[in-house]
Amino acid sequence: PAAQPEALEILKNRTDATSEALLGGTFHNALAGVAFQVPSRVQQVSKASVGEEVARFASADKAWELVVNKASTGQPLPLTGGAPKDRKDAKAPASQPSQLGLMEVVAARLKQNNPGVDIVRQDVVNLGEHDAGLIAARVSSTSARRLMQQAIIQANDQLYYTFTMTTPAAKDAAGPDASDAGEQVAVESFRQMLDTVKLLDRAAIKDDQNERLVRTRALFVNVTASRLKEVLIPEQWLRLQRGGKDIGYTYVVEEPDAQGAHEGIKVGIRSRTYPGENAQVDGETWYFISLDRKHETWSNLVWVQDLATKKSDQFTEFGSADRRLKRFVDTGGQVQVGEARDPKQPPVVEVEPYTLHVQSVGQKGNAEPLTQNLPPFYLPQAIGHLLPRLVPRSQPKTYLFATYVSDRRAVMMRYVDIGNEVDVELGGQRVRAVPVSDRIGLEGSATVHYVSPEGKYLGSVNKDSQIQILPTDAATLQKIWANRADLTRPRVPEQPK
């Protein structure tokens, strides 16, 4: 596009820059609705479980970092401010007062949080189908001086994608000075990356999600108290294998229980795995869910040991979710005092908020407590454990749930697909089974649970990790692990006050 900045002249005569491919592989996330080529100096790393972060990338030495976020606003917000006649998206009369756009808000926040910041660029460019606000600044801290480049790409007047790349800044450069070779490579890498950004059409994904949620609502209607009790297995022993080699085991108990006035079921899980040569990971988990699915609690203790150094770390998580009827004074005029149906009706409305609380405790410190509202399609932990045995198996169906993921400390989308009955080999035997594909996120790694047409659990396989889970018995596990397998009921950790 004509409005795009020209390629930097300094790179044309630099052998190190011209011989280096500034862009590497392509990142594609259909659910987030964005695809782009990544600067070659960075690789994708685990992203934080906060906000609307789409992806995070960093170089091996952490000198370069790229973070991509998706953000939406409750009200339409222009990309850049000014009087309406100066804005491409303006529909209001020219007499309307000036207003700040998102780019001005971001720049003001940057100045407020970083006194002395040197903003060297702040303008709008066209990337073909979309406009982007570009901000470049040198930010100084006690340890280093960084060049921050940020592109705010406008998908519509309420949806934006933000690309933020930070790299080392020249020690003495000021203002538009672009003579530093390192800065030039960073600037050109960022420019070339923006040329490749594509915002994807999410309409088909949204339609699929809506269809899944309709089926999820129907499934929840059929998850009755009798159905929950019906699928319980008092004891289970499971082998964990990777590439055909045993790397651990799991012991599971499922039974009716009650917490106070809540009648329900509970699931206890004790596990031990050896993910590496000198690593041992032990887990003890309890899930409880009331039969009306309005109250759940869980505890999850993980103990990681380095068998070579004898060092260890312990982490415990406590969670609860409750859906409770609450009454609020009606301020929206929905309920009128003295209605014919109830002359004494006070102006109140009834709502049933669904709220999650998670507390994490570790030897090296405690994480910030998590509290958030839950959608109606939230899947409690205990029911998530039982899910492969709860879903109907008569025909292919797809579902979508929201579930809490401990590793990410976030509520995430869980996609479940029921397939047609197939022949499959599990543990060296050929069996007839219904596959239940289960993954976190639209493009997450799928674990396929196999259930017999009658509802018996037969095993699980994840092709990406090459991990296979097979039902067995206590004697077989003790034989495999030379009578050192701990097959006792998991303990219930004491919750901190």
How about Phe318 and Pro493: do any of their side-chain heavy atoms sit closer than 4.5 Å?
yes
Residues that Asp282 engages under salt bridge (Lys or Arg N to Asp or Glu O under 4.0 Å), provided they are two or more places apart
Arg272
Any side-chain heavy-atom pair from Arg202 and Leu31 closer than 4.5 angstrom?
yes
Any salt bridge linking Asp486 with Arg270? Criterion: basic side-chain nitrogen under 4.0 Å from a carboxylate oxygen.
yes
Within residues 353-390 or reaching into it, pairs that qualify as ring pair (Phe, Tyr, Trp, His ring centres under 6.0 Å) - sequence neighbours excluded:
Tyr354-Tyr378
Residues 440-450, side-chain donor-acceptor partners within the protein, below 3.5 Å, at least two apart:
from	atom 1	to	atom 2	distance (Å)
Ser445	OG	Asn462	OD1	3.3
Ser445	OG	Asn462	ND2	3.2
Ser445	OG	Asp464	OD2	2.7
Thr447	OG1	Asn462	ND2	3.1
His449	ND1	Ser460	OG	2.7

Glu421 and its side chain to side chain donor-acceptor pair (under 3.5 Å) partner, picked from Arg393, Gln395, Arg432:
Arg432
Closest non-hydrogen atoms of Ala382 and Ile289, given as atom of the first, atom of the second and distance, are CB-CG2, 3.5 Å
Calculate, to the nearest 0.5 Å, the distance between atoms OG1 and NZ belonging to Thr162 and Lys70 respectively.
12.0 Å
Identify, with sequence neighbours excluded, every residue that meets salt bridge (Lys or Arg N to Asp or Glu O under 4.0 Å) alongside Asp292.
none
Under a 3.5 Å distance rule, please check whether Trp286 uses its side chain to pair with a backbone N or O of Lys266 as donor and acceptor.
no
Restricting to pairs with a member in residues 370-390, which pass salt bridge (charged side-chain N to carboxylate O under 4.0 Å, His left out), not counting sequence neighbours?
Glu254-Arg389
Would a 4.5 Å heavy-atom cut-off, applied to side chains only, mark Val252 and Ile233 as touching?
no
Should we count CD of Glu352 as having more than 12 external heavy atoms under 6.0 Å?
yes
If you define the side chain from C-beta out and look only at heavy atoms, does anything of Val422 sit under 4.5 Å from Pro435?
yes
Checking Arg409 side chain against Glu368 main chain: does a donor-acceptor pair fall under 3.5 Å?
yes
Inter- and intrachain pairs under salt bridge (charged side-chain N to carboxylate O under 4.0 Å, His left out), touching residues 302-315, at least two apart:
none
Salt bridge (charged side-chain N to carboxylate O under 4.0 Å, His left out) partners of residues 225-244, not counting sequence neighbours, each pair once
Arg227-Glu230, Lys229-Glu263, Arg239-Asp246
Taking only residues two or more places apart in sequence, or in another chain, which ones meet Tyr399 in a ring pair (Phe, Tyr, Trp, His ring centres under 6.0 Å)?
none
Scan residues 204-214 for pairs that pass salt bridge (charged side-chain N to carboxylate O under 4.0 Å, His left out), counting only residues two or more places apart or in two chains.
Asp208-Arg212, Arg212-Asp417
Between Gln468 and Leu426, is there a side-chain heavy-atom distance shorter than 4.5 Å?
yes
So how far is it from Asn126 CG to Asp131 CG, rounded to the nearest 0.5 Å?
5.0 Å
Could you tell me how the ring of Phe401 sits relative to the ring of Phe220: parallel (under 30°), tilted (30 to 60°) or perpendicular (over 60°)?
tilted
Quick one: does Glu129's side chain get under 4.5 Å of Leu199's, heavy atoms only?
no
Checking Leu66 against Met193 for the side-chain contact (heavy atoms from CB on, under 4.5 Å) test, could you report, in this order, the C-alpha distance in whole Å, the side-chain angles of both residues, the deciding distance, and whether it holds?
CA-CA 11 Å; Leu66 170 67; Met193 177 192 68; 3.6 Å; yes
For the pair Leu291 and Leu228, evaluate side-chain contact (heavy atoms from CB on, under 4.5 Å) and give the outcome as yes or no after the intermediate values.
CA-CA 8 Å; Leu291 294 178; Leu228 285 173; 4.3 Å; yes
Show your reasoning for whether side-chain contact (heavy atoms from CB on, under 4.5 Å) applies to Asn29 and Leu200.
CA-CA 9 Å; Asn29 189 317; Leu200 309 176; over 6 Å; no
Donor-acceptor pair, side chain of Gln37 and main chain of Thr26, under 3.5 angstrom:
no
Rounded distance (nearest 0.5 Å) linking atom CG of Leu219 with atom CG of Leu213:
12.0 Å
Hey, is the main chain of Ala55 close enough, under 3.5 Å, to the side chain of Gln44 for a donor-acceptor pair?
no
Donor-acceptor contact present, side-chain Arg324 to main-chain Pro353, <3.5 Å:
no
Might you point out which heavy atoms bring Leu470 and Gly427 nearest each other, and give the distance in Å?
CD1-CA, 3.6 Å
Over all atoms of both residues, closest heavy-atom pair of Ser290 and Lys294:
OG-N, 3.3 Å
Output yes when a side-chain donor or acceptor of Glu284 lies under 3.5 Å from a complementary backbone atom of Arg491, and no otherwise.
yes
Glu255 side chain vs Pro234 backbone, donor-acceptor pair below 3.5 Å
no
Set out, in order, the CA-CA distance, both residues' side-chain angles and the distance that settles side-chain contact (heavy atoms from CB on, under 4.5 Å) for Val436 and Tyr457, then state yes or no.
CA-CA 11 Å; Val436 181; Tyr457 174 69; over 6 Å; no
Phe315 side chain near Val304 side chain, heavy-atom distance below 4.5 Å:
no
Treating Arg41 as the side-chain partner and Ser59 as the backbone partner, does any N or O pair qualify as donor plus acceptor under 3.5 Å?
no
With sequence neighbours left out, which residue pairs that include part of residues 402-434 fulfil the ring pair (Phe, Tyr, Trp, His ring centres under 6.0 Å) condition?
Trp298-Tyr404
Interatomic distance, His262 atom NE2 to Glu296 atom CD [nearest 0.5 angstrom]
12.0 Å
Trp481 CH2: over 12 foreign heavy atoms closer than 6.0 Å:
yes
Rounded distance [0.5 Å steps], CG in Leu77 versus CG in Leu102
5.0 Å
Pairwise distance NE2(His130) to CG(Leu194) - rounded to 0.5 angstrom
13.0 Å
pair Ile265-Leu386: side-chain heavy atoms closer than 4.5 Å
yes
Using 30° and 60° as the class limits, which term best fits the ring planes of Phe27 and Phe36: parallel, tilted or perpendicular?
tilted
For Val221 and Thr224 the tightest heavy-atom approach is O-CG2, 3.7 Å
Could you tell me whether the side chains of Gln150 and Thr164 share a donor-acceptor contact shorter than 3.5 Å?
yes
Does Gln158 CD have over 12 foreign heavy atoms under 6.0 Å away?
yes
Which heavy-atom pair separates Trp64 from Ala186 by the least distance, and what is that distance?
CH2-CA, 3.6 Å
Which residue pairs satisfy the ring pair (Phe, Tyr, Trp, His ring centres under 6.0 Å) criterion with at least one member in residues 183-219, sequence neighbours excluded?
none
Among all residues two or more places apart in sequence or in another chain, which pass the ring pair (Phe, Tyr, Trp, His ring centres under 6.0 Å) test with Tyr251?
Trp237
